[in-house]
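To start, the structure under review is shown below, and the notes come after it.
Along the sequence shown, residues are numbered consecutively beginning with 1. Predicted, not measured: the structure shown is a model, and the values here were computed from it.
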Amino acid sequence: MSISSAAWWRTAVIYQIYVRSFADGNGDGVGDIAGIRSRLPYLAELGVDAIWITPWYASPMADGGYDVADFRAIAPEFGTLAEAEAMIAEAHEHGLRVILDIVPNHTSDEHAWFRDALASDPDSAERERYWFRPGRGPDGALPPNDWRSVFGGPAWTRLLDDEGVPEDWYLHLFAPEQPDLNWSNPEVHREFEDILRFWFDRGVDGFRIDVAHGLDKHAALPDIGLDEEELLAEPDIADHPHWDRDGVHEIYRDWRRVADSYADSPQGPRVFVAEAWVRTATNRLARYLRPDELHTAFNFDFLKCAWDAAQLRASVDHNLRTLGEVGAAPTWVLSNHDVIRHVTRYGRDTDDIQRPAGTVPTDLTLGTVRARAAALLMLALPGGAYVYQGDELGLAEVEDLPLDSLQDPIWERSGHRVRGRDGCRVPLPWTGDAPALGFGAAAPWLPQPTEWKQQTVEVQTDDPTSMLALYREALRVRRSLPDLAGDELRWQAHGEDVLAFDRGTEFRCVVNLGAEPVEVPADAEVLLASAPLADGVLRSDVAVWLRIRK
């Protein structure tokens with residue numbers, strides 16, 4: 001697909017790079033832009049269409065870069081702005097588009113705006129960029145309302161003056177180091193539109209919008225009446241005072257006008273993908289994807305499905321129908337930097353995407369078999385798809401990281417009850433052995449399991465039966481089949497525990513999620529299977545792509 005192709009996002013396969021854990025180019029144990037540049041040929045050979053890079057901006061890294069101190073500067077540990085510009089150009093030379101993360105719900109507490117707010121009077125214009133409020137109760141000792149941080153604890157922190165005297169409180173739906181911006185302030189709107197243009201002018205092809213459903217807050221900041229807020233969960237009440245409020249849509253209409261102003265450039269359209277946790281049953285996600293708003297959004301209800309035919313089919317049907325009503329293309333994803341890797345999830349008798357409090361029995365052999373089948377299912381569906389770094393290697397969640405290595409703020413904010421997300425962020429294994437399996441010259445910022453030396457890119461490249469070989473072939477076949485370029489999907493009857501559908505005139509995908517074997521049509525040509533077929537049948541947890549002659 002050429003870089004100037006129109007509507008490229010509707011069918012793109014996008015590879016998510018968690019910068020700190022992808023590749024270390026300068027040998028300090030932390031991934032960086034030099035590491036990404038060194039691995040661009042690998043990504044091009046893998047066959048993806050674009051890369052999504054998690055925040056690389058200047059940041060104190062209280063939340064892995066999602067606490068941004070300067071949206072126009074690169075974190076020194078990741079590189080320089082010149083290196084970022086060179087990487088964008090090199091990615092385009094390899095036929096890869098570049099999507100950045102944008103974090104509009106909050107900044108770092110070290111952002112110049114927040115520092116100015118702290119140095120200003122309570123009724124100043126500087127404080128109007130955030131949510132500062134007096135406390136309740138005697139001497140304002142209680143938070144302004146009962147809102148909770150999704151990382152644990154109250155969503156408010158009280159300021160102290162230079163002499164230690166308590167002052168107003170400020171809102172942070174995440175960590176205290178991440179104060180929420182006040183999107184009722186026109187200055188915030190203008191600033192972020194300028195940030196978008198800053199990066200579009202440097203060749204960036206689009207943005208993934210962090211916490212896209214969280215920007216608009218009820219002006220009165222009313223109590224919710226709930227004890228906790230869950231990370232990565234749909235709002236559990238209607239008319240929630242800070243999740244998925246109607247005010248976000250005018251923001252994204254403005255952003256769409258910014259993106260569309262680049263539509264006639266040689267590079268082609270610039271796009272957005274929303275991270276929006278909304279109530280699935282109410283079809284709220286489609287509202288973000290109306291023709292004058294965002295282009296795509298992550299399909300989290302598909303990610304949250306158990307390995308169950310009925311659940312998965314219902315998710316596919318729901319998304320194709322509701323997004324089709326607004327002319328939007330769906331996206332499909334199995335893992336990301338916030339959830340348990342799907343190899344581990346599929347090896348359990350639970351569909352919990354977050355970290356359980358105790359040990360959960362896990363069959364990683366079963367999980368791997370199912371992950372292979374899930375990859376073929378996802379890549380056969382209409383729309384786009386996201387591959388989280390390491391999915392193509394079959395990496396599992398690392399659940400035994402030493403406690404003193406944990407860095408996710410969830411660990412501290414939960415009172416050491418929840419380990420957090422570090423287990424899916426362990427640096428990738430590329431080649432060789434210790435100390436870093438080819439990740440870099442130094443020991444990595446999170447330790448890698450010793451067994452990963454059998455799952456390096458080097459090992460899997462030489463193994464035609466590996467997960468990496470499966471992904472490479474699936475992406476090659478996907479690109480080569482005209483039937484997979486359209487939006488149509490027609491279900492075929494193969495039993496209640498089987499997902500089978502046709503696309504175009506000749507292509508069929510069949511996934512056996514049940515215990516009984518499923519026969520492959522005798523006149524079908526097998527294009528690709530997630531595991532070897534025996535006697536013309538699919539065993540349990542096997543998927544196959546077929547060419548059907550009609």
Side-chain angles (χ1 to χ4, degrees), residues 1-6 8-9 12-28 30-58 65 71-102 195-208 259 262 265-273 337 384 386-393 427-428 430-431 436 438-441 457-458 461 468 471-472 475-476 479:
M1 184 179 295
S2 67
I3 287 298
S4 61
S5 297
W8 58 270
W9 63 90
V13 178
I14 300 172
Y15 186 96
Q16 181 191 353
I17 292 176
Y18 189 76
V19 184
R20 292 167 60 83
S21 300
F22 183 67
D24 171 17
N26 66 6
D28 65 356
V30 177
D32 48 36
I33 293 172
I36 296 174
R37 292 174 69 180
S38 73
R39 299 298 182 178
L40 289 174
Y42 165 80
L43 295 169
E45 184 180 359
L46 180 61
V48 297
D49 301 293
I51 55 176
W52 153 32
I53 302 173
T54 56
W56 58 8
Y57 315 110
F71 287 92
R72 297 175 182 83
I74 299 296
E77 58 264 57
F78 294 156
T80 66
L81 182 58
E83 286 183 286
E85 292 172 333
M87 193 231 71
I88 294 167
E90 288 178 24
H92 288 166
E93 291 172 3
H94 284 283
L96 298 168
R97 295 184 181 273
V98 178
I99 294 174
L100 298 185
D101 242 306
I102 191 76
I195 292 167
L196 297 178
R197 292 188 182 94
F198 178 90
W199 288 106
F200 284 154
D201 289 344
R202 283 157 179 77
V204 167
D205 298 278
F207 285 93
R208 175 261 190 188
Y262 290 80
S265 69
Q267 186 176 323
R270 315 302 167 89
V271 303
F272 298 109
V273 56
H337 65 295
Y386 282 78
V387 176
Y388 178 47
Q389 63 181 42
D391 286 358
E392 81 280 16
L393 303 178
L428 293 190
W430 291 94
T431 185
F439 172 71
V457 171
E458 180 183 42
T461 295
L468 179 59
Y471 267 84
R472 283 177 169 167
L475 292 170
R476 184 194 68 79
R479 281 176 177 243

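- Scored by the salt bridge (charged side-chain N to carboxylate O under 4.0 Å, His left out) test, Glu85 finds Arg202 as partners (sequence neighbours excluded).
- For Asp391, the salt bridge (charged side-chain N to carboxylate O under 4.0 Å, His left out) partners at least two apart in sequence or on another chain are Arg341.
- By the side chain to side chain donor-acceptor pair (under 3.5 Å) test, Tyr57 pairs with no residue at all, sequence neighbours left out.
- Considering only residues two or more places apart in sequence or on other chains, Thr431 meets the side chain to side chain contact (heavy atoms under 4.5 Å, CB included) condition with Glu458.
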Discussion item. With side chain to side chain contact (heavy atoms under 4.5 Å, CB included) as the criterion, how do Tyr386 and Val273 come out once you've worked through the C-alpha distance, each side chain's angles and the decisive distance to 0.1 Å?
Written reply: CA-CA 11 Å; Tyr386 282 78; Val273 56; 3.5 Å; yes
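- Applying the side chain to side chain contact (heavy atoms under 4.5 Å, CB included) criterion to Arg476, with sequence neighbours excluded, gives Glu473.
- Distance check, rounded to the nearest 0.5 Å: CD1 of Ile99 to CH2 of Trp199 gives 15.0 Å.
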Fill in: Intermediate values then yes/no, side chain to side chain contact (heavy atoms under 4.5 Å, CB included), Thr80 and Ile74
CA-CA 5 Å; Thr80 66; Ile74 299 296; 5.6 Å; no
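- Among residues two or more places apart in sequence or in another chain, the side chain to side chain donor-acceptor pair (under 3.5 Å) test is passed with Glu392 by Tyr15, Tyr42.
- The two residues Asp28 and Glu77 come nearest to each other via the heavy atoms OD2-O, 4.3 Å.
- For Asp101, the side chain to side chain contact (heavy atoms under 4.5 Å, CB included) criterion is met by Trp52, Thr54, Pro55, Tyr66, Arg208, Asp210, not counting sequence neighbours.
- Qualifying salt bridge (charged side-chain N to carboxylate O under 4.0 Å, His left out) partners for Arg197, counting only residues two or more places apart in sequence or in other chains: none.
- In this structure Ser38 satisfies the side chain to side chain donor-acceptor pair (under 3.5 Å) test with no other residue, sequence neighbours excluded.
- In this pair, Phe272 and Phe207 present their aromatic rings parallel. The plane angle is below 30°, not in the 30 to 60° band.
- With sequence neighbours excluded, the residues satisfying side chain to side chain donor-acceptor pair (under 3.5 Å) with Ser21 are Trp445.
- Looking at Trp9, its side chain never comes within 3.5 Å of a backbone N or O of Pro269 through a donor-acceptor pair.
- Counting heavy atoms from C-beta outward, Ile14 and Val387 have side chains that stay 4.5 Å or more apart.
- For the ring pair (Phe, Tyr, Trp, His ring centres under 6.0 Å) test, residues two or more places apart in sequence or in another chain that qualify with Tyr262 are Phe200.
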Discussion item. For Val13 and Arg479: C-alpha separation, side-chain torsions, deciding distance, then whether side chain to side chain contact (heavy atoms under 4.5 Å, CB included) applies.
Written reply: CA-CA 10 Å; Val13 178; Arg479 281 176 177 243; over 6 Å; no
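- Not a single salt bridge (charged side-chain N to carboxylate O under 4.0 Å, His left out) links Arg20 to another residue, sequence neighbours left out.
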